[in-house]
Amino acid sequence: MTEDGNPDDATLIAALNTERTDAWRAIVELDEDFRNRPHADDDCVWLPHYPQYGARVQTACRLLGELGAVTPAYHWMQRKPPALGIDGTVSPADAIRLATTVIRSERFGYGNIEGALTAGILQAVIAALAAWHREQAG
């Protein structure tokens, strides 16, 4: 691990909460839902000054926090967020970096989660973590 707010991949992965089997099952189910419907009409509805996120987006954000994928160890404001690969995927560690960036940035500007959803970033984060969990579970 580095002390500059940019933990290495192994440190980020090791900090995931593997004991929350219920939350991991929910992430896998959410991944399947996003694969079947990448965008749903109620994922984000804009009210006069702020977005109202639908149930599955709210669930995704909550689960990412519960599983440790939103971490204070990664200083997202000092880093350029990782980009999706050409195939629209990210590694599990980059999924943690992106989850931290997306979820925390919403506090500073409404609509950042919607932007991540529209760009496929939120879906890629969920997919990467669900795949990692499936691999770990055997």
Side-chain angles (χ1 to χ4, degrees):
M1 174 168 174
T2 61
E3 296 300 320
D4 65 352
N6 192 20
D8 60 26
D9 292 0
T11 300
L12 289 171
I13 297 295
L16 289 171
N17 185 346
T18 57
E19 295 179 12
R20 290 292 313 272
T21 56
D22 57 329
W24 283 108
R25 272 193 306 275
I27 280 286
V28 169
E29 291 171 6
L30 199 54
D31 177 42
E32 292 170 12
D33 188 27
F34 275 122
R35 287 178 190 274
N36 292 329
R37 289 182 313 139
H39 304 282
D41 291 341
D42 66 340
D43 280 341
C44 181
V45 176
W46 276 90
L47 301 176
H49 301 289
Y50 61 93
Q52 180 176 7
Y53 294 109
R56 74 179 185 162
V57 175
Q58 289 181 34
T59 298
C61 295
R62 179 181 52 78
L63 290 171
L64 290 170
E66 289 175 7
L67 294 174
V70 179
T71 175
Y74 177 64
H75 297 179
W76 66 275
M77 292 182 89
Q78 299 170 359
R79 309 276 170 238
K80 182 178 178 184
L84 297 183
I86 289 178
D87 60 355
T89 64
V90 292
S91 70
D94 279 348
I96 296 167
R97 291 178 182 101
L98 283 168
T100 301
T101 300
V102 168
I103 303 303
R104 296 248 166 112
S105 69
E106 184 76 12
R107 295 177 185 167
F108 296 94
Y110 292 133
N112 286 306
I113 293 171
E114 180 199 25
L117 183 66
T118 301
I121 294 168
L122 185 62
Q123 298 90 323
V125 165
I126 299 293
L129 294 173
W132 177 85
H133 171 69
R134 286 185 200 105
E135 182 179 302
Q136 299 306 303

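In what follows, residues are counted from 1 in the order of the sequence shown. In what follows, every heavy atom counts, from backbone to side chain, and hydrogens, waters and symmetry copies are set aside. These numbers were taken from a predicted model, which means no experiment stands behind them.
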What closest approach, in Å, do [X] and [Y] show between heavy atoms, and which atom pair accounts for it?
| X | Y | answer |
| --- | --- | --- |
| A26 | L63 | CB-CD1, 3.6 Å |
| V70 | P72 | O-CD, 4.3 Å |
| N6 | R97 | OD1-NE, 4.1 Å |
| A99 | A69 | CB-O, 3.4 Å |
| R134 | V28 | NH2-CG1, 3.6 Å |
| S91 | A128 | O-CB, 4.1 Å |

Can you say whether the rings of F108 and W76 are parallel (under 30°), tilted (30 to 60°) or perpendicular (over 60°)? tilted
So [Y] and [X], do their side chains get closer than 4.5 Å, heavy atoms only?
| X | Y | value |
| --- | --- | --- |
| N17 | E66 | no |
| H75 | D4 | no |
| R79 | Y74 | yes |
| I113 | C61 | yes |
| Q52 | V57 | no |
| P92 | H133 | no |
| V125 | V102 | no |

[atom1]-[atom2] distance between [X] and [Y], expressed to the nearest 0.5 angstrom:
| X | Y | atom1 | atom2 | result |
| --- | --- | --- | --- | --- |
| R56 | L117 | CZ | CG | 7.0 Å |
| L129 | L16 | CG | CG | 6.5 Å |
| L98 | I103 | CG | CD1 | 10.5 Å |
| L122 | H39 | CG | NE2 | 10.0 Å |
| T118 | D43 | OG1 | CG | 9.0 Å |

Just checking, any donor-acceptor pair under 3.5 angstrom between side chains of E114 and W46?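 Side-chain D/A pair, E114 to W46: present.
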For the pair [X] (side chain) and [Y] (backbone), establish whether a donor and an acceptor sit closer than 3.5 Å, ignoring hydrogens and angles.
| X | Y | answer |
| --- | --- | --- |
| D33 | E29 | no |
| D94 | P82 | no |
| Q58 | Y53 | yes |
| T89 | G85 | no |
| Q123 | R35 | no |

Residues which pass ring pair (Phe, Tyr, Trp, His ring centres under 6.0 Å) with Y50, listed by chain and number, not counting sequence neighbours: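 If we apply the ring pair (Phe, Tyr, Trp, His ring centres under 6.0 Å) test to Y50, skipping adjacent residues, there are no hits.
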So with a 6.0 Å cut-off around CG of D22, is the heavy-atom count from everything else above 12?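 Yes, the 6.0 Å shell around CG holds more than 12 heavy atoms from other groups.
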Should L84 and L12 be counted in the same cluster of Ile, Leu, Val, Met, Phe, Trp and Tyr side chains packed under 4.5 Å apart?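 Same cluster.
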With I96, the side-chain contact (heavy atoms from CB on, under 4.5 Å) member among I13, T11, V90, L67: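 Result for side-chain contact (heavy atoms from CB on, under 4.5 Å) with I96: I13.
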